[in-house]
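Handing you this structure, nothing more for now.
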Amino acid sequence: MKMYQLGVLSFFCFIALSQSERLHEQIYSSIEGGAACFRRLNGTHQAGCSSTDKGAVGPVLMIKEINDALWLTQNGTAGPYIAVVSTALFHDIIEEFMNNPTNVAGILVYEDAYQITSAFTHDSKCPNEYSSGPGSTCSSSEPEGFVWNEKGTDLMRRDIPFPMFFLPESRIEEIKKIEECYQRYNLDRNAHSGKPLCSVQLHSFMFAAVDTVVCLRRSASSAILTPTKVCDPLGDQNVYYPLFSRAKENKEAKRPVILVTARIDTASLFDGISPGAASSVVGMVTLLNTAEVLRSMIPMSKTYGTNVIFTLLNGEAFDYIGSQKVAYDISRGAWPPIMPLSPTDIPLHIELGQIGGALLSHRDEESWPLYAFTPNLSNNVDKVSEFVNALSSDLKQYNMSLVMTATDNIPPSSLHSFRRILKNVTESGSLTEILIADHNAQFTNMFYNSALDDYTKIGFDYHNITVGSDGIFLQNDEILAKGIMNATEIQVKISRLATSLARTLYKKITDEEYTGANQASAHLVDEMMYCFLRSQMCRLLLAADYGNSGGTENLPQKPTPLYVGVSAYSLTAPVFAGHMLALFTGMHFPELNRTTCDRIDKSEFSYLYLKGWNNTGVCIQTTMNFSQAISPAFVERDYDYASGFYSTWTESVWQTMWARVFVAASGNGALAAFIAGAVATAIAAFLTFWIQRNAQRIFINAPTGSLVSTDATTGILRTVNC
Amino acid sequence: MSNSSSSDTEEANENTALMDGHIAEARPDREIAERIARKRKTKSDSQRSYGTVDHGVSSIHGPPQPSSAPVAGPSADAQIEELELKYGARHVIKLFVPVTLCMIVVVATISSINFYSVKDVYLAYTPFHEESPYAVTKVWNALANSMILLSVIALMTVLLIVLYKKRCYKIIHGWLILSSLMLLFLFSYLYIEEALRAYNIPMDYITLVFGMWNFGVMGMIVIHWKGPLRLQQAYLIFIAALMALVFIKYLPEWTTWAVLAVISIWDLVAVLTPKGPLRILVETAQERNEPIFPALIYSSTVMYCLAATPPAGAAGEGEPPARELRPLVPDESGENAPVENRRSPSGDAGFDAEWRARADAHPAPPDAHAHAHAHAHVHVQRLRVDGTAPAHYTTRVERPQQQPAPDMDEEKGVKLGLGDFIFYSVLVGKASSYGDWNTTLACFVAILIGLCLTLLLLAILKKALPALPISITFGLIFYFATRCVVKPFADALAAEQVFI
Amino acid sequence: MDLTRLPNDKKLQLCRWYFKVGCLFLPFVWAVNAVWFFKEAFMKPPYDEQKQIKKYVMMSGVGALAWGVALAAWVAVFQLQRVSWGEAGDSLSFIVPLGRA
Amino acid sequence: MTLAEFFSCSLLAFGAPLAMFAMTIANDPVRIIIMIAAAFCWLLSFLLSSLVWYAVVPLRSYLAFGMVFAVIFQEAFRYGMYRLLRKTEAGLKEISENHEIGSNKLEMAYVSGLGFGVMSGAFALVNVLADSVGPGTLGLRNGTEYFFVTSAAMTLCMILLNTFWSVIFFSGCDENNYYKIGWVIFSHFLVSSLSFLNRQELYAVTILLSYIVLIITAVQAYRCAGGTSKSFIESFTVRS
């Protein structure tokens with residue numbers, strides 16, 4: 001006893017720090033904040049990644065250079081491996097992995113600030129190639145063909161045989177964790193076999209498979225009592241805003257409408273990370289500002305011969321879901337719901353395409369080279385050039401250029417949908433189409449539709465200028481004069497583009513030059529960009545939030561994902577955009593309270609009750625409205641999904657996505673245990689058997705069982721009963 | 001167990017002991033009495049004589065014949081005590097095996113198919129779903145739920161008694177059959193589906209339908225009529241397990257625990273209080289001098305008597321097998337209706353418990369739920385009754401000699417209602433659903449010990465005893481203790497590899 | 001129940017009954033019958049009903065076996081061909097595996 | 001691979017006890033019941049010790065503290081088991097169907113000891129085994145991949161030790177031989193405190209010493225049960 005106490009005392013020192021933590025936490029360490037690549041399906045194929053339902057397990061291999069990748073695929077011994085690779089290296093090694101995936105269990109891509117990623121885009125070389133209109137020559141298949149998105153790996157359209165996870169810059173410490181473990185166990189890569197190895201498990205099991213047809217069929221048919229859903233069609237909401245309310249017009253004498261469109265959505269290979277700064281946000285913000293300025297320029301009292309409908313299209317990244325729906329509805333005379341347009345009502349369609357790719361490269365000068373693409377049609381070239389010239393001349397004062405190219409090979413944009421679905425009007429030239437982009441032959445944006453296409457890629461930095469409770473923003477002149485921003489900053493450029501476009505539109509509508517002083521405000525652009533690129537916790541969204549929704553705490557600190565999502569659930573992006581439109585262009589009635597505001601029912605307007613600038617709530621009368629953005633393929637009766645005319649993208653259902661790192665046993669322990677166990681059991685069995693068999697002879701002087709005395713039975717009763 | 005029964009068994013040993021010695025079997029009671037006496041004298045000094053006897057016992061054959069009143073006076077009494085205990089030991093083990101099996105099935109399912117541990121749907125008669133974050137509200141919800149359950153149970157029990165007093169067996173039996181049908185087919189179907197889903201195995205309707213059809217029909221035959229004993233036991237255990245799983249899945253978290261506690265208390269009351277409904281049931285049955293409700297007695301008897309006595313040797317050749325032939329002595333043939341009638345219940349009692357609960361578990365109109373479930377409980381209750389009833393009977397040593405053999409027979413062996421199975425399994429399964437095996441283990445051992453004690457008391461008090469209270473109490477105590485106190489310690493030890 | 005307690009004629013009845021019932025697409029019942037009465041049919045000292053019991057046991061056994069083979073064959077075919085059957089395969093399926101064709 | 005680890009560890013830890021159980025206990029209901037009762041006793045003791053450990057918050061991080069009480073309680077309950085068995089021995093003997101029960105009065109000691117050991121072993125190992133199934137093993141933060149094996153080995157050691165301890169303890173109580181009891185308690189403390197070395201991954205030391213103690217204890221138990229080396233040899237040579 002005594003000596004034991006000493007022993008214990010001596011032990012106390014190092015036992016002191018022992019926590020009672022579950023073994024499990026000692027073994028595994030989960031990798032937080034990873035975004036998994038998931039599976040999408042179209043009419044004929046499945047695209048994206050899926051792990052097995054148990055998750056993909058493999059020893060870690062840090063890919064530091066291309067040779068590591070080659071070693072992995074060619075003579076890795078302990079494979080299949082989980083490759084951990086930085087975005088900088090990703091493009092160089094992915095093809096190797098795709099071509100011989102047998103030794104690849106999965107890929108963990110991480111963003112590393114210290115390595116410059118030159119390009120990172122997983123859309124096709126020719127985005128939406130198979131939905132492009134007549135005359136587009138872009139072809140990702142033929143090697144030397146002309147392509148828009150030259151760096152495109154097309155991963156979003158290919159079936160990836162292994163799971164992939166993406167760790168953003170903010171999660172670099174997880175990589176450090178893995179690296180450390182890797183250094184301890186896996187460093188000597190040629191001695192991997194028969195040793196414990198640092199391993200990673202990636203779990204992203206996708207329910208759907210094969211293609212949209214199959215997965216929809218399986219979603220429909222389900223075992224009795226427990227339905228199962230394996231995939232949903234992509235889709236969300238389009239936002240449209242007629243400058244003048246069209247409800248009052250009568251069927252025969254409809255005012256012609258200029259359609260100004262931009263895309264809301266972008267995409268990325270990984271779930272929940274789709275910033276899309278250059279891909280879509282700049283265009284969207286430009287459109288919003290144009291609408292705002294135009295609204296402020298045009299006196300609502302007068303009526304003009306022409307109307308403008310600003311439209312934000314959703315799902316454009318996946319074969320133009322939004323624009324296909326709009327065009328399809330127009331062709332059926334079903335869009336917009338109030339006073340539907342007929343194709344002939346639209347003389348002009350201006351798309352603010354992918355602008356922003358060139359911003360970073362021109363961050364030091366005021367200039368911003370823009371390009372106007374228009375289908376190569378003889379009969380309306382003057383109409384186009386008139387508009388383009390007007391716009392470019394207006395842009396000139398800001399040292400921005402607009403070069404017009406008339407070609408049938410138009411960059412990816414909603415124009416393609418119109419040119420396919422509204423063929424007759426587009427080809428006859430009654431519908432003139434103009435696409436404004438800031439790239440000419442090829443994308444200037446090396447991160448098109450990718451997780452890295454964030455605010456840094458357009459050189460946006462937030463100025464955080466306070467906004468008064470009246471919602472008045474500083475005018476550009478003031479901003480520049482005070483030197484709050486300088487003319488080379490993108491906010492200014494965008495605002496200027498918006499202003500010019502607005503002026504041009506003003507001219508189209510009123511047939512006279514705009515003489516007023518209204519301009520788009522770089523300040524407003526600043527705020528808007530911040531909302532869409534940095535954090536939803538921003539002034540505009542607080543003001544544009546529903547009046548009845550709770551305080552500010554319900555808005556997360558990260559930007560809202562711009563991925564279109566599945567049609568079943570509406571995402572926040574279009575709602576935000578629409579509310580902003582309403583907030584800036586609608587009529588404010590601060591005096592009305594919520595109930596009355598909700599009760600108002602006028603056919604030509606819709607009424608929103610938003611928080612307003614001073615968060616007291618304001619009733620807004622607006623013509624802005626939402627329309628469904630889902631591919632006609634899912635609307636039309638018995639549409640042939642394989643025909644490939646409409647977008648048929650669906651997204652697989654999944655349950656959980658997680659990744660964890662741990663050390664995998666080499667099996668030596670198991671072997672040892674087995675041998676020892678077998679021996680021990682055998683010995684024990686034999687001894688027991690033997691001793692029991694001749695117990696009589698072995699235990700010669702056994703302590704004989706005491707009592708069985710005569711009063712045994714009563715004894716029993718006593719013992720038992722007590 | 002009882003004097004009478006034990007004296008039966010006593011004979012049985014003698015009987016077999018003799019058979020070992022290859023001596024004719026049938027002999028007048030006189031001899032037996034003497035033999036008993038003789039044996040008592042000799043026993044003490046020589047283990048061997050005992051040995052042979054016991055040896056015989058260990059492979060006891062032959063159905064006990066109607067016994068004589070204890071002839072050997074006080075001496076015999078003592079004798080009886082031992083033998084009784086001897087049987088006690090055997091039977092305790094005989095009960096451990098199926099109980100353990102049932103628990104294993106449940107635990108294995110819980111830990112491999114997570115369908116049964118996720119809470120989404122609840123039974124319609126547990127209106128409070130314990131969604132609130134506050135412990136207080138949860139507790140209150142749980143209590144409310146369990147009280148609702150309890151009242152439903154009580155109600156149904158009363159209803160049962162009324163039915164029974166009115167002697168409308170037809171209703172009860174028909175209803176048992178129907179419920180059994182639904183249970184066997186519907187809920188095993190659910191089980192299969194979830195199992196396949198869990199392992200992501202494709203399967204076609206043809207195989208499914210064919211399999212279900214075979215499984216279900218065989219089940220009906222074996223449970224309601226005649227079939228190999230082992231198969232029958234397998235079916236019983238499986239269904240008890242399914243039932244337990246249903247409870248685990250469809251009862252809210254805390255409600256499950258509350259229900260366990262409440263049920264065992266109710267059990268106590270219903271069986272022990274002089275005016276307890278179950279006791280009333282038993283007594284009416286006695287007045288009518290008929291086996292209470294074949295559905296009640298037999299369910300367990302079928303399982304356990306036989307479970308307890310290995311393939312009985314052909315004592316009394318041609319004498320119809322005790323269990324199912326008793327009620328219909330003269331003309332016994334599978335085909336004729338009355339027989340069926342009397343017989344069918346035998347299996348049921350066990351089953352309908354499941355069925356009911358199954359029924360309610362399965363998404364159906366709320367009220368339907370309520371009903372179904374209620375029944376479930378009644379049955380569970382009834383099961384428990386029969387579990388204890390035999391002992392209750394057997395206390396009546398002065399039972400008339402010409403007492404129809406069936407009673408004798410069914411009194412033999414320790415009986416445990418399937419209701420007990422279910423609730424034991426619910427407890428252990430629930431414990432295992434949190435993924436801590438220590439807890440599961442503790443609950444398991446606690447329940448077994450509780451069972452031992454109950455049986456010991458049964459042997460000592462010779463009085464109908466509820467089988468749940470002791471076991472469940474132990475189980476609950478050890479569950480919570482292990483979860484809150486022991487687990488951290490055990491984990492610390494395990495993680496540090498400190499062995500105590 | 002245990003057969004040993006049954007008088008022979010009852011045994012025969014039971015065996016026959018099981019066989020008859022087995023004809024309703026119930027090979028399982030047949031199998032049980034075969035196993036259950038095997039001892040009776042082949043191990044017990046002969047008695048007059050034994051002959052028939054033998055017959056029924058044989059028939060049930062063979063029948064069960066045949067069914068078993070047939071079922072196994074069908075399952076094999078289904079598992080192998082389900083994908084290639086496409087829509088038909090899915091509509092036949094009671095559980096369609098997730099995440100694969 | 002990891003499943004293999006699970007099974008082989010289970011084999012190592014519980015193979016021997018299982019064999020012993022199957023050969024000596026399984027065929028006698030009374031022994032089974034006694035074994036379960038013993039297991040229950042151990043459970044109670046463990047519950048009490050963890051209560052103490054839990055109650056004394058400041059010392060909670062010192063496992064040694066909890067361990068001391070655990071050992072004390074276990075021995076106390078061992079004594080309790082002894083009293084219980086001796087009280088009911090007669091009855092048990094009577095009702096046991098296996099008549100050579102009580103031919104050696106330490107049989108009950110052996111049975112209850114096994115019950116004790118198995119339960120403690122199970123408690124020490126089940127959760128570890130549950131974790132050994134997963135793809136991972138120790139080593140990310142600390143520990144080696146041999147964690148599971150060593151745990152299993154120690155568990156086996158403890159199970160057997162408990163069995164023998166009970167035998168020694170009971171005989172000690174029977175003949176009021178305090179040295180035996182003392183040895184039981186001492187060696188129990190010794191082994192338990194030895195196992196603290198595992199944190200330092202001095203597995204070799206721990207296991208070696210523990211098994212030495214085990215052998216000593218086994219021999220002692222064998223003697224207590226009335227066996228002699230001579231008789232053991234003879235049992236092989238003399239065929240009858």
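Remember, predicted model here, so these are calculated numbers, not experimental data. Chain letters run A, B, ... following the sequence lines, proteins first, then strands; residues in each count from 1.
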Under 4.5 Å, counting heavy-atom pairs only, tell me which of B:Ile206, B:Leu231, B:Val222 racks up the most with chain C. B:Ile206

Is the shortest heavy-atom distance from the side chain of B:Trp225 to the side chain of C:Leu14 under 4.5 Å? yes

If you check every heavy atom in residues 69-83 of chain C against those of chain B, which residues fall under 4.5 Å? C:Leu71, C:Trp74, C:Val75, C:Phe78, C:Gln79, C:Arg82

Under 4.5 Å from a heavy atom of chain C, the part of B:Tyr199 involved: neither

Tell me if the NZ atom of C:Lys55 is crowded by more than 12 foreign heavy atoms within 6.0 Å. yes

From C:Ser91 atom OG to B:Asp204 atom CG, the distance as rounded to the nearest 0.5 Å: 11.0 Å

Output a table of donor-acceptor pairs, distance under 3.5 Å, between side-chain atoms of residues 94-101 of chain C and any protein atom two or more places apart or on a different chain; print 'none' if there are none.
unit_1   : atom_1 : unit_2   : atom_2 : d
C:Arg100 : NH2    : B:Asn200 : O      : 2.7

For C:Lys44, give me all partners under side-chain contact (heavy atoms from CB on, under 4.5 Å), at least two apart in sequence or on another chain. C:Thr4, C:Glu40, C:Tyr47, C:Gln50

Toward chain B: residues of residues 18-29 of chain C with heavy atoms under 4.5 Å: C:Tyr18, C:Val21, C:Leu24, C:Phe25, C:Leu26, C:Pro27, C:Phe28, C:Val29

Kindly compute the distance separating CD1 (B:Ile221) from CG (C:Asn33), expressed to the nearest 0.5 Å. 10.0 Å

